[in-house]
2 protein chains.
Amino acid sequence: MKEKSMRVVKSAQERKNEILDVAEQLFEEKGFDNASTNDIINRIGIARGTLYHHFASKEEILDAIVERMTREGISKASLIVKERSVPICERLTAAIMALNIKGGAASEVFDQIHRPQNALLHQKMQERLLEGVVPIIEGLIREGNETGLFDSEYPREAAEMIMIYSSVAFDELTNLSNEDILKKGQAFAYHAEKLLGAKENTLKDAIMNIITSQNR
Amino acid sequence: MKEKSMRVVKSAQERKNEILDVAEQLFEEKGFDNASTNDIINRIGIARGTLYHHFASKEEILDAIVERMTREGISKASLIVKERSVPICERLTAAIMALNIKGGAASEVFDQIHRPQNALLHQKMQERLLEGVVPIIEGLIREGNETGLFDSEYPREAAEMIMIYSSVAFDELTNLSNEDILKKGQAFAYHAEKLLGAKENTLKDAIMNIITSQNR
DNA sequence: GCTTTACCGACAGGTTGTCGGTTAAGTTAT
DNA sequence: ATAACTTAACCGACAACCTGTCGGTAAAGC
């Protein structure tokens with residue numbers, strides 16, 4: 001019945017990843033507050049001391065998970081942006097949506113992420129993503145200014161506004177009708193064009209494409 | 001040394017408010033997670049059972065506090081908006097800033113509100129405020145559309161975008177230099193004008209007034 | 001006098017983080 | 001090669017909390 005405590009030793013790196021994997025999974029299932037460190041160690045089969053040998057606190061585990069999850073999205077966005085052969089509009093929308101995690105590996109987390117138990121996780125991820133992606137978008141806007149596609153006096157703040165809005169608003173389109181989602185997407189495209197000083201419908205198609213494709 | 005447990009009975013309403021007052025104070029001081037229900041009952045001088053007689057859980061206390069704090073801001077905003085003698089621009093900016101709690105009674109909370117321990121509080125307040133204020137702003141935009149001051153195709157979404165941005169961005173201007181704050185304010189005014197389809201500098205003065213006055 | 005409701009405090013069952021001790025792995029010395 | 005030593009992963013008992021429950025008591029209202 002009871003597993004004998006066969007001592008298994010792994011490299012620090014390996015164990016840390018193991019802990020993060022299980023913790024992430026558990027936070028998805030039960031939320032950050034409800035998932036206990038006991039849950040983690042039981043599922044892995046290690047002792048309390050081991051967990052705290054690798055991480056100083058439960059919150060540090062959370063931070064590491066956030067770091068791991070966001071790094072992927074940010075580096076993806078920064079890669080997209082460098083593809084100068086692709087039209088700016090496509091790159092812009094793709095970068096924006098890299099933040100919107102749904103497509104990524106973390107897509108199952110996404111549904112749970114708004115439950116109140118995950119307020120911390122949500123906040124930290126959002127902070128991290130904004131901080132990472134805003135400068136990328138800003139650069140793209142400047143590029144658009146140079147080519148005459150955009151006309152933005154405050155590229156940084158425009159990027160902030162677009163990112164912040166899309167990260168909050170597109171958070172909760174799960175409980176919206178398809179019709180409403182379309183409207184929201186159109187409104188977003190319209191407003192983004194205004195903010196960037198772009199001609200009407202410059203962004204519309206690129207944005208609507210992504211929205212309709214990822215939300216079926 | 002030890003207070004005798006003289007039994008003091010108060011009306012439910014009175015006791016509830018007492019609990020909310022102390023809890024709010026404690027959440028400010030230590031954050032929601034770090035403030036325990038024991039802290040609350042000790043400071044008031046009541047027993048555990050009494051607390052749980054009035055509130056079913058710690059989170060319910062939080063919800064009641066959020067409700068209390070936001071009700072004020074929302075009703076203030078809705079009053080402002082009704083003053084049809086005041087120019088629309090002034091009403092708009094005033095309503096926007098009613099959400100930015102700094103001016104209100106909760107101004108001390110504000111500094112603590114971003115500490116990670118308060119993620120839940122923060123999230124709940126933001127949700128509640130947006131939900132309450134967005135329709136108000138939307139109405140104002142429609143009014144502006146009629147008088148020809150604005151030209152907004154999606155009043156609802158424009159209101160959302162403005163509110164969401166200002167609630168996130170103006171959150172953390174405490175650690176910014178005065179210069180940066182000014183720039184941020186100007187950028188916000190500029191972008192709000194674009195979003196609403198208003199003429200240049202329509203909103204600038206009203207917005208800059210509020211920002212410079214409330215942040216000294 | 002009877003019912004309702006505010007109040008009490010012990011208690012169960014859970015949580016996080018600490019700490020001294022143990023064992024495996026890696027390193028140096030002989 | 002192997003013995004001796006150092007480092008680092010690992011263990012599990014434990015202290016010090018925490019939230020929410022519950023049977024019982026006392027005041028208020030009818």
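Proteins come first, then strands; the chains are lettered A, B, ... in the order of their sequence lines, and each starts at number 1.
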For this session: Would you mind reading off the distance between Asp33(B) atom CG and dG17(C) atom P, rounded to a whole angstrom?
Result: 11 Å
For this session: Look at the side chain of Arg15(B) and decide which nucleotide, out of dC10(D), dC7(C), dC18(D), has an atom nearest to it.
Result: dC7(C)
For this session: Would you mind reading off the distance between Leu26(A) atom CG and dT15(C) atom P, rounded to a whole angstrom?
Result: 11 Å
For this session: Kindly write out the residues that satisfy salt bridge (charged side-chain N to carboxylate O under 4.0 Å, His left out) with Lys194(B), not counting sequence neighbours, or none if the list is empty.
Result: none
Exercise. Quick one: bend of the helix from dG1(C)-dC30(D) to dT30(C)-dA1(D) from 5 pairs per end, to 10°?
Worked result: 10°
For this session: Please state how far atom CG in Asn34(A) lies from atom P in dT19(D), giving the value in whole angstrom units.
Result: 14 Å
For this session: Round to a whole Å and report the spacing from NZ of Lys16(A) to P of dA8(D).
Result: 12 Å
Problem set entry | Stretch residues 48-59 of chain B: residues that reach within less than 4.0 Å of DNA chain C through a heavy atom | Arg48(B), Gly49(B), Thr50(B), His53(B), His54(B)
Problem set entry | Closest to the Ala47(B) side chain, choosing from dC18(D), dC11(D), dG9(C) | dG9(C)
Problem set entry | NZ or CZ of Lys58(A) within 45° of Phe32(A) ring axis and under 6.0 Å | yes
Exercise. Could you state the CG-P distance from Leu62(A) to dT16(C), rounded to the nearest angstrom?
Worked result: 13 Å
Exercise. Looking only at side chains, do Thr50(A) and Arg15(A) share a donor and an acceptor under 3.5 Å apart?
Worked result: no
For this session: Could you work out which one of dA9(D), dT19(D), dA6(C) sits closest to the side chain of Ala12(B)?
Result: dA6(C)
